[in-house]
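Residue numbering restarts at 1 for every chain, and letters A, B, ... go by the order of the sequence lines. Here the structure is a predicted model, which means the values were calculated and not measured.
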2 protein chains.
Amino acid sequence: MSRFLSAKYASLIPYTPGEQPRDMKYVKLNTNESPFPPSPAVAAAVSREAGRLNLYSDPECTLLKASVAEYYGVQPENVLPVNGSDEILYFTFLAYGDDQNAFAFPDISYGFYPVYAEFCNVPKREIPLKEDFSVDYRDYLGVKEHVLIANPNAPTGTCLTVSQIEEIVRSNPDRVVIIDEAYIDFGGESCVPLIQQYENLLVIQTFSKSRSLAGARLGFGIASEALIRDLNTVKYSINPYNVNRMTQAAGVAAIEDDAYYKENARRIISVREETATRLKTLGFTVLPSTANFLFAGSDRIDGETLYRELKARGVLVRHFTKERIKNFCRITIGTPEQMDILLTNIRALLDAKGNATI
Amino acid sequence: MSRFLSAKYASLIPYTPGEQPRDMKYVKLNTNESPFPPSPAVAAAVSREAGRLNLYSDPECTLLKASVAEYYGVQPENVLPVNGSDEILYFTFLAYGDDQNAFAFPDISYGFYPVYAEFCNVPKREIPLKEDFSVDYRDYLGVKEHVLIANPNAPTGTCLTVSQIEEIVRSNPDRVVIIDEAYIDFGGESCVPLIQQYENLLVIQTFSKSRSLAGARLGFGIASEALIRDLNTVKYSINPYNVNRMTQAAGVAAIEDDAYYKENARRIISVREETATRLKTLGFTVLPSTANFLFAGSDRIDGETLYRELKARGVLVRHFTKERIKNFCRITIGTPEQMDILLTNIRALLDAKGNATI
């Protein structure tokens with residue numbers, strides 16, 4: 001830090017993204033990317049935009065909003081596209097948080113939530129997951145704080161039902177309830193339809209996972225017009241042209257080629273279930289997942305060793321140092337071939353360990 | 001606003017971007033876009049990225065930083081690419097502003113500066129331009145505030161010299177001096193070389209103007225390693241993947257095809273000088289410009305009428321309602337053909353007015 005940095009950030013610890021090493025080629029199962037490239041329609045749309053990049057992007061994202069709205073059965077005024085869903089999470093902490101208005105979220109969830117709280121100087125209450133690592137929705141009924149839940153949760157992969165979320169939303173009429181559905185397309189049920197009834201519900205989604213656009217940076221919020229207006233006020237106070245031309249076009253094309261992405265999600269779910277079975281056969285505890293990743297740990301090898309040994313063998317998974325989950329690794333679902341490499345390596349590791357113990 | 005919005009934003013007035021009307025096709029001279037498309041190398045680079053958008057962009061922007069650093073004769077550690085230069089302006093207000101650390105900037109300049117100050121709750125001091133609408137650098141020597149100057153200034157187009165800026169930087173060793181060089185490639189001299197000597201200087205540039213990439217959203221900061229570290233801390237607390245894959249690739253390709261953009265800038269300068277002469281012939285006061293726009297006003301027609309009448313005739317320019325400049329319009333330099341249309345329309349307007357008065 002320079003000597004000029006504002007004292008308010010003296011103790012700040014920024015978010016650490018999943019590692020993107022460049023020293024060798026890895027089987028990369030650490031940042032929940034899709035193993036499938038975007039639809040060819042996306043490439044065509046992006047190429048069409050390339051020649052007119054001298055002109056600003058539409059700050060209103062008119063076409064993209066219309067496209068998202070139609071797909072989800074809402075109005076364009078209910079939609080706010082952003083530069084990756086991280087951006088709208090940040091807007092949300094700014095818009096609704098202050099010293100009088102704290103945020104409550106699970107103690108084990110997306111690691112950026114506490115960073116936003118700290119950075120925006122918003123008090124937080126981290127509510128412990130249940131013994132089985134699931135979110136207990138009853139912990140969030142009639143609370144004092146705004147509520148923020150990743151559903152499915154990450155890195156655990158477990159999911160609440162729409163009726164459980166509705167209870168949370170209904171029981172907190174004077175609080176904003178934010179449901180981060182980054183992984184919803186892999187088996188969970190979206191609570192987007194609830195925004196028609198509840199003005200205090202904000203649903204956040206992303207094109208990064210099921211729509212294979214992590215590298216294009218496109219997320220969006222769906223909510224009542226009133227909440228979207230708030231978040232637009234924040235956007236227009238920070239970066240009105242936050243979504244570039246190519247990404248807007250990519251988003252529209254991705255929505256149009258829905259069949260392609262639905263089929264990919266179906267395949268990922270199938271590989272996920274098969275991988276879970278194989279990990280369990282090797283003695284792993286595997287949490288039930290409705291996401292494009294598995295959260296798994298074993299008494300036979302501790303989480304950090306598993307992560308390090310796999311990395312040495314060219315397979316990247318994500319390990320978290322938090323006490324309660326330090327024996328687990330989060331493993332992105334890749335192609336069947338990538339999963340074979342993962343499991344072959346895990347088996348070899350366990351065998352080597354077994355022999356060493358004898 | 002919803003009833004949930006934090007009270008801290010109760011009186012907030014966000015930035016208003018230049019209008020992007022969709023009711024008809026305009027000769028668009030209101031947002032300082034380049035009339036030239038990006039280099040064909042950009043389109044090729046973007047198309048190459050389209051197939052791997054399923055993978056996250058490099059949060060470190062390694063290749064792009066290396067490319068910008070080499071071009072400007074600095075180290076990659078001196079460079080921070082961002083999602084349009086608005087984003088790094090925002091980061092700067094966050095990083096260095098607080099109730100003890102105000103910002104000083106010209107009273108007539110980029111309209112987003114006071115919005116950032118307000119939004120980030122940073123006190124501001126707006127220093128009046130001189131009678132001739134130029135920045136008096138002596139107003140910024142040894143001040144109490146961090147200093148932020150657009151150079152060339154917008155919407156006026158006037159420019160300080162590097163030695164004047166060096167005096168400002170040297171006289172404020174305990175303050176950060178931010179020079180926003182969005183328009184520097186149209187005749188001004190960049191102060192980037194000064195960052196080697198002064199740890200308190202941050203230079204901000206953009207690919208939007210001279211490099212024809214407004215729609216790709218790419219800006220960057222160049223400064224001492226210490227300042228770049230601060231701004232990275234902010235970035236990693238908000239949106240680590242803020243620059244998408246396509247834009248990173250577009251940036252690298254644009255730097256490589258420098259000859260193309262240099263030639264375009266030369267043409268824009270030539271058309272600007274010719275347009276200035278023609279406007280003066282029509283009786284306009286035209287400020288000396290080192291940017292890709294002219295700031296012009298006439299006693300024969302007031303600024304708002306000029307803007308409205310031109311819009312009705314299919315030509316968009318930008319008008320500002322601030323008292324001191326309300327008789328001026330900011331006119332982007334387009335192609336010679338676009339300038340002909342502009343001038344033909346202005347002439348017709350003045351003639352019609354002349355006849356009406358008789």
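By number of non-hydrogen pairs under 4.5 angstrom with chain B, the leading residue of A/Glu33, A/Lys8, A/Arg245 is A/Glu33. Highest contact tally toward chain B, considering only A/Phe93, A/Phe207, A/Phe36, is held by A/Phe36 [criterion: heavy-atom pairs under 4.5 Å]. Comparing A/Ile13, A/Val243, A/Val234 by how many heavy-atom pairs each has under 4.5 Å with chain B, the most go to A/Val234. Among A/Asp58, A/Leu94, A/Val42, A/Thr16, the residue with the largest count of heavy-atom pairs under 4.5 Å with chain B is A/Leu94. Between chain B and the residues A/Lys28, A/Arg175, A/Arg211, A/Gln100, the largest count of heavy-atom pairs under 4.5 Å involves A/Arg175. Note: A/Gly215 leads A/Pro17, A/Gly215, A/Pro38 in heavy-atom pairs under 4.5 Å with chain B. Chosen from B/Tyr96, B/Phe4, B/Tyr116, the residue pairing most often with chain A at heavy-atom distances under 4.5 Å is B/Phe4.
Interface remark: A/Ala44 contributes no atoms to any contact with chain B (heavy atom separation under 4.5 Å). Within the 4.5 angstrom heavy-atom criterion, no atom of A/Leu231 approaches chain B. Only the side chain of A/Phe112 comes within less than 4.5 Å of a heavy atom in chain B; its backbone stays farther off. Residue contact with chain A, scored on non-hydrogen atoms closer than 4.5 Å, involves the side chain of B/Phe119 exclusively. Contacts between A/Tyr9 and chain B at a heavy-atom distance below 4.5 Å involve the side chain alone, from C-beta outward. Interface remark: B/Thr62 contributes side-chain atoms only to the contact with chain A (heavy atom separation under 4.5 Å). A/Lys235 does not touch chain B: none of its heavy atoms, backbone or side chain, sits under 4.5 Å away. Using a 4.5 Å cut-off between heavy atoms, B/Asn101 does not touch chain A at all. Using a 4.5 Å cut-off between heavy atoms, A/Arg3 contacts chain B through its side chain alone, with no backbone atom that close. Within the 4.5 angstrom heavy-atom criterion, no atom of A/Pro40 approaches chain B. The contact between A/Leu12 and chain B is made entirely by side chain atoms (from C-beta outward), counting heavy-atom distances below 4.5 Å. Using a 4.5 Å cut-off between heavy atoms, A/Asn232 makes no contact with chain B at all.
Minimum heavy-atom separation, B/Thr31 to A/Tyr56: O-CE1, 3.4 Å. Nearest heavy atoms, A/Asp86 versus B/Pro240: OD2-CD, 4.1 Å. Shortest non-hydrogen contact noted between A/Ala216 and B/Asn244 is O-CB, 3.5 Å.
Side chain of B/Tyr90 to main chain of A/Asn239: no donor-acceptor pair is present (N/O by atom type, distance under 3.5 Å, no hydrogens or angles). Looking only at distances, a side-chain donor or acceptor of A/Arg217 sits under 3.5 Å from a matching main-chain atom of B/Tyr241. When atom types are taken as modelled, the side chain of B/Asp230 and the backbone of A/Ser2 share a donor-acceptor pair closer than 3.5 angstrom. Side-chain N or O atoms of A/Asn83 include one that pairs as donor or acceptor with a backbone N or O of B/Asn242 at under 3.5 Å.
A distance of 11.0 Å separates CG of B/Leu55 from CG of A/Leu213, quoted to the nearest 0.5 Å. Taking OG of A/Ser237 as the start and OH of B/Tyr15 as the end, the distance is 12.5 Å to the nearest 0.5 Å.
Contacts between residues 45-54 of chain B and chain A, defined by a heavy-atom separation under 4.5 Å, are made by B/Val46, B/Ser47, B/Ala50, B/Gly51, B/Leu53, B/Asn54.
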Distance-only check: which donor-acceptor pairs under 3.5 Å involve side-chain atoms of residues 218-229 of chain B, not counting sequence neighbours?
residue  : atom : partner  : partner atom : Å
B/Ser224 : OG   : B/Glu199 : O            : 2.9
B/Ser224 : OG   : B/Leu227 : N            : 3.4

